[in-house]
Amino acid sequence: MAIPTLPTALTLEIVTPDRSLVREEVQEVQVPAVEGYMGILPGHTPLLATLQVGEITYRKGTEQGHLHVAFGFVEVLPDRVTVLAQIAERADDIDVSRAEAARKRAEERLAKPALEIDFERARVAMMKSLIRLQVATRARTRA
Ligand code: ATP
């Protein structure tokens, strides 16, 4: 009987409702699942997970790619990772001054008394802006 061979790469696809951001053969992916960051290698057990606000990192040979993602789902198969993101940007496409302005607005809102603000909305805005700034910095320093 033939021994099944394990896949050596993953086809990574990242899409949002309005565009496709990534379609590449990669060796490793890390995604921000609601339960925490999840590392995926070829041959991973199939699963479906919900995403929170965070950073997606992938490795293609010696190169790394970074994206900001906010909400959506990831489907993992042994040779394929598909991310259906509500919102996502590649590191190079992040507008740093826009993210910095959003961070400042969120910080001002979160400094107000809790009863006066939509706390969850302000928290998400803060998280998105901080992750965008972090991802943009990684692209510039090639971390
Ligand atoms: P802002 O408060 O600056 O409008 P936001 O966090 O409310 O930002 P989102 O609702 O997260 O914006 O995203 C709306 C659209 O704008 C999405 O397509 C997202 O990819 C894009 N976007 C938001 N902020 C940035 C940014 N700093 N750089 C590049 N694209 C961004």
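In listed order, ligands and their atoms are each counted from 1.
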Looking only at heavy atoms, which two atoms of L21 and E89 are closest? And how far apart?
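Smallest interatomic distance, heavy atoms only, reads CD2-CA, 4.0 Å.
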Under the salt bridge (Lys or Arg N to Asp or Glu O under 4.0 Å) test, residues paired with R19 that sit two or more places apart
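Here no residue qualifies.
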Sequence-distant partners of E25, side-chain hydrogen bond (donor to acceptor under 3.5 Å, both in side chains), two or more places apart
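Result, side-chain hydrogen bond (donor to acceptor under 3.5 Å, both in side chains) vs E25: T11.
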Listed partners of E116 passing side-chain hydrogen bond (donor to acceptor under 3.5 Å, both in side chains), at least two apart:
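Once residues adjacent in sequence are excluded, E116 has no partner under the side-chain hydrogen bond (donor to acceptor under 3.5 Å, both in side chains) criterion.
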Under the 3.5 angstrom rule, does the side chain of Y37 hit a backbone N or O of E55 as a donor-acceptor pair?
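The answer is yes, because a donor-acceptor pair under 3.5 Å joins these two groups.
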Quick one: ligand 1 N/O to protein N/O pairs below 3.5 Å?
| unit_1 | atom_1 | unit_2 | atom_2 | d |
| --- | --- | --- | --- | --- |
| ligand 1 | 2 (O) | R105 | NH2 | 2.7 |
| ligand 1 | 3 (O) | R98 | NE | 2.9 |
| ligand 1 | 4 (O) | R98 | NH2 | 3.1 |
| ligand 1 | 6 (O) | K128 | NZ | 3.4 |
| ligand 1 | 6 (O) | R132 | NH1 | 3.0 |
| ligand 1 | 11 (O) | K128 | NZ | 2.8 |
| ligand 1 | 11 (O) | R132 | NH2 | 2.9 |
| ligand 1 | 16 (O) | R98 | NH2 | 3.2 |
| ligand 1 | 20 (O) | E89 | OE2 | 2.6 |
| ligand 1 | 24 (N) | R98 | NE | 3.3 |
| ligand 1 | 24 (N) | R132 | NH1 | 3.4 |
| ligand 1 | 27 (N) | D95 | O | 3.0 |
| ligand 1 | 28 (N) | D95 | N | 2.8 |

From F71 CZ over to L51 CG, what is the distance, rounded to the nearest 0.5 angstrom?
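If I round to the nearest 0.5 Å, the distance is 10.0 Å.
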